[in-house]
There are 2 protein chains.
Amino acid sequence: MRAGVSRALVSIVFRGVPGASEAARERVLAAARDLDYRPDTRARRLGRSRTGTLGVVFSVGHAFHGDLLESLYEEAESAGYELVLSGVTRSRPEDQAVETLLAERCEGLLLLGSDFPRARLGALAERVPVVSVLRPVKAPGVDVVRTDDAHGMRQVVEHLVGLGHKGIALLDGGRAAGAAQRRQGFRAAARRLLPGRDEVLIPGGLTEEDGAQAAEAWLDLARPAPSAVAAFNDPCALGFIDVVRQAGVRVPQDVSVVGFDDVRQAGYAHVGLTTVRQEARQLGAAALRRLTARLDADEVDADGSDMGEVVIAPALVVRGSTAAPGR
Amino acid sequence: MRAGVSRALVSIVFRGVPGASEAARERVLAAARDLDYRPDTRARRLGRSRTGTLGVVFSVGHAFHGDLLESLYEEAESAGYELVLSGVTRSRPEDQAVETLLAERCEGLLLLGSDFPRARLGALAERVPVVSVLRPVKAPGVDVVRTDDAHGMRQVVEHLVGLGHKGIALLDGGRAAGAAQRRQGFRAAARRLLPGRDEVLIPGGLTEEDGAQAAEAWLDLARPAPSAVAAFNDPCALGFIDVVRQAGVRVPQDVSVVGFDDVRQAGYAHVGLTTVRQEARQLGAAALRRLTARLDADEVDADGSDMGEVVIAPALVVRGSTAAPGR
DNA sequence: GAATTCTACTAGAGCGCTCTAGTCGTGTCA
DNA sequence: TGACACGACTAGAGCGCTCTAGTAGAATTC
């Protein structure tokens, strides 16, 4: 039509499939350039039996999710899939984010740090392949790709005990993704390395605000308070440090603080935050591989039955926020 | 068909337009619930003359872009538009992000902190309405919604001079969005308030790493070095502080540091960063309003001719990273 | 009580692609 | 030389909606 060719030929050229001569191919591309034509994604996906899209649900403003997105984009590109992002914010719940992606007919879903109850995830997985990233969950048909949170927390406790700390408090993440595992890792290590000591759990959370609140609680504890604090994540640790500093408490001289995630800021805040590094690259790559493997497999054996879990080992990164206790 | 009704009726019900009885409406919705049916977005957009989607290009991991996204989601919802996100990462250039959105047939584009040269933006705006957020650019047909960067920087200089500082260095943002305006505001204020003083410009940038490098440069300056530093943004300021601290320089006693953006972390890092707050809510709302106004206007007068600029005033937030100079 | 208006629906074309099932001209082989 | 295969292309149905035009029946009007 445009370049004196049929629509079908144009389709052949743009899909890059065999069936067009070199000459025709060039003619079509030249005409397309002339007309500033580009195939309509919507129509493309409609016409095809498969949409070739993967939906990603992430928390807007969550630093570590950003790191994951970067890795996912790369992996998706090389796997030949397209990513459709759907953000979760304070006013846009996860339900809505997922709903959008389902209506978009994504072939699979990647949920970063999902907040869904197990049953909801299971139900979702019946409809479409789902990979839960960062959040371990035992639901049928749901793949999990996560960091070994318990192991990370164990390293934290070992590090602190190695420095000579006898009292360690955990700023707990409540029901956030991975929080249960970190709590469990903390408890196991504390019980092993500090027998007879009571565990101190202070409610914390994901944000600086949560850390700040936890700091108030820590300041209110009977003295001597634990000389070391393991926070649920980096922002929580930074919020904690900020408040205790304002109260005249020195870090790390008076209290050692450890974070979790190793977000980019961690290396630059304060004296440098000792933390546990999660490998965004590896997590993203594993998650995408998991999902595409399920999609590309024969429908027969990909029938939800064989769910899997990929666990990436984290590494302790020692910076300046931890030191031996005492004056 | 499904509930004993025609496809057209289903369409009427799901679009929420008049033309269906209450009874039929309920019957359709009940059947949809039963079948777990939801309208296919792709087909929906195809069948309509307008797609009802707005494309957003943002930098993945950029804290302030996250704040903007949150606001944009809300505004888009209440304006009856759908947002399509396209992220820019180190391996996914802005071209590609925009290309995706064009192929998706978005009705308008919101570019957060775009890096495109002016000509490229102008060309883009000929094809589709474009709003450049944060990045001031004089291109025909391109609307701009931004913070008054120059004014913000003027406030910074006034604050520092008010504290008694005589030498102020700027950690320059190079060609980043808004950098030229901040530089100009800095220069104008410095010339006015510190006449006869040489301007000190140190190459900085958007990230902690850039700030760290700038710190090395500042440490290498002939003593006495400027006793105050105005950074291009918060991460840059934090990176700067980190490095000079490690070199034994105290903040704010030995050097005052000011950031820009007021990202969430700014209040929690160090002694609390003095910074300039950009209003994400207002910026997002203004950007969306701008775009939808153009789209909803009659085609006649929306013909690219009347481009506009919305400038939001920023506010200085004084925290602990600034103080009077000297011992 | 026929004409008119309204409400509640349905038929069917169209959106811009993909993809199957062709057609047409050439080259290959027995 | 006829049968067959092959590469290069085209026709046209189909994807799941939207939306215009149209119909049937009930309510209203004069």
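Numbered from 1 within each chain, the chains take letters A, B, ... in sequence-line order.
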List the residues meeting side chain to side chain contact (heavy atoms under 4.5 Å, CB included) with [X], not counting sequence neighbours, and say none if there are none.
| X | answer |
| --- | --- |
| A/Leu46 | B/Arg42, B/Ala43, B/Leu46 |
| B/Gln282 | B/Glu279, B/Ile312 |
| B/Ala32 | B/Phe14, B/Tyr37 |

Legend entry - Axis-to-axis angle between the two ends of the helix from C/dG1-D/dC30 to C/dA30-D/dT1 (five base pairs per end, rounded to 10 degrees): 50°
Take atom [atom1] of [X] and atom [atom2] of [N], then tell me their distance rounded to the nearest Å.
| X | N | atom1 | atom2 | answer |
| --- | --- | --- | --- | --- |
| A/Arg50 | C/dC17 | CZ | C1' | 18 Å |
| A/Arg7 | D/dA8 | CZ | P | 22 Å |
| A/Arg105 | D/dC15 | CZ | P | 14 Å |
| B/Asp40 | C/dC17 | CG | P | 17 Å |
| A/Arg44 | D/dC17 | CZ | C1' | 20 Å |
| A/Leu46 | C/dC19 | CG | P | 12 Å |
| A/Leu9 | D/dG12 | CG | P | 16 Å |
| A/Arg45 | C/dG16 | CZ | P | 17 Å |

Legend entry - Residues that A/Arg90 engages under salt bridge (Lys or Arg N to Asp or Glu O under 4.0 Å), provided they are two or more places apart: B/Glu70
Inset, instruction - For A/Arg48, check salt bridge (Lys or Arg N to Asp or Glu O under 4.0 Å) against everything at least two apart and list the hits. - result: none
Inset, instruction - Would you indicate, yes or no, if D/dT18 has its OP1 or OP2 atom less than 4.0 angstrom from a side-chain nitrogen or oxygen of B/Arg48? - result: no
Legend entry - Below 4.0 Å: OP1/OP2 of C/dC17 and any side-chain N or O of A/Ser11: no
Legend entry - Any side-chain donor near an acceptor of the partner, A/Ser11 and A/Arg7, under 3.5 Å: no
Inset, instruction - Could you identify which residues of residues 15-26 of chain B place a heavy atom less than 4.0 Å from some atom of DNA chain C, listed by residue number, or say none? - result: B/Gly19, B/Ala20, B/Ser21, B/Ala24
For residues 107-125 of chain B, run the donor-acceptor check on the side chains, cut-off 3.5 Å, and write out each pair with its distance to 0.1 Å, sequence neighbours left out.
from: B/Glu107; atom 1: OE1; to: B/Arg50; atom 2: NE; distance (Å): 2.9
from: B/Glu107; atom 1: OE1; to: B/Arg50; atom 2: NH2; distance (Å): 2.7
from: B/Glu107; atom 1: OE2; to: B/Arg50; atom 2: NE; distance (Å): 3.4
from: B/Glu107; atom 1: OE2; to: B/Thr51; atom 2: N; distance (Å): 3.2
from: B/Glu107; atom 1: OE2; to: B/Gly52; atom 2: N; distance (Å): 2.5
from: B/Ser114; atom 1: OG; to: B/Glu94; atom 2: OE2; distance (Å): 2.7
from: B/Ser114; atom 1: OG; to: B/Phe116; atom 2: N; distance (Å): 3.1
from: B/Arg120; atom 1: NE; to: B/Asp95; atom 2: OD1; distance (Å): 3.3
from: B/Arg120; atom 1: NH2; to: B/Asp95; atom 2: OD1; distance (Å): 2.8

Legend entry - Comparing B/Ala8 and B/Ala43 on DNA chain D - which has the more 5′ nearest nucleotide: B/Ala43
Legend entry - A/Arg289 vs A/Glu75, salt bridge (charged side-chain N to carboxylate O under 4.0 Å, His left out): CA-CA, chis, key distance, verdict: CA-CA 8 Å; A/Arg289 226 173 303 129; A/Glu75 298 292 333; 5.5 Å; no
Legend entry - ring-ring contact (aromatic ring centres under 6.0 Å, His included) pairs, two or more places apart, involving residues 51-79 of chain A: A/His62-A/His65
Legend entry - Nearest-nucleotide comparison on DNA chain C, the residue closer to the 5′ end among A/Ser49 and A/Arg42: A/Arg42
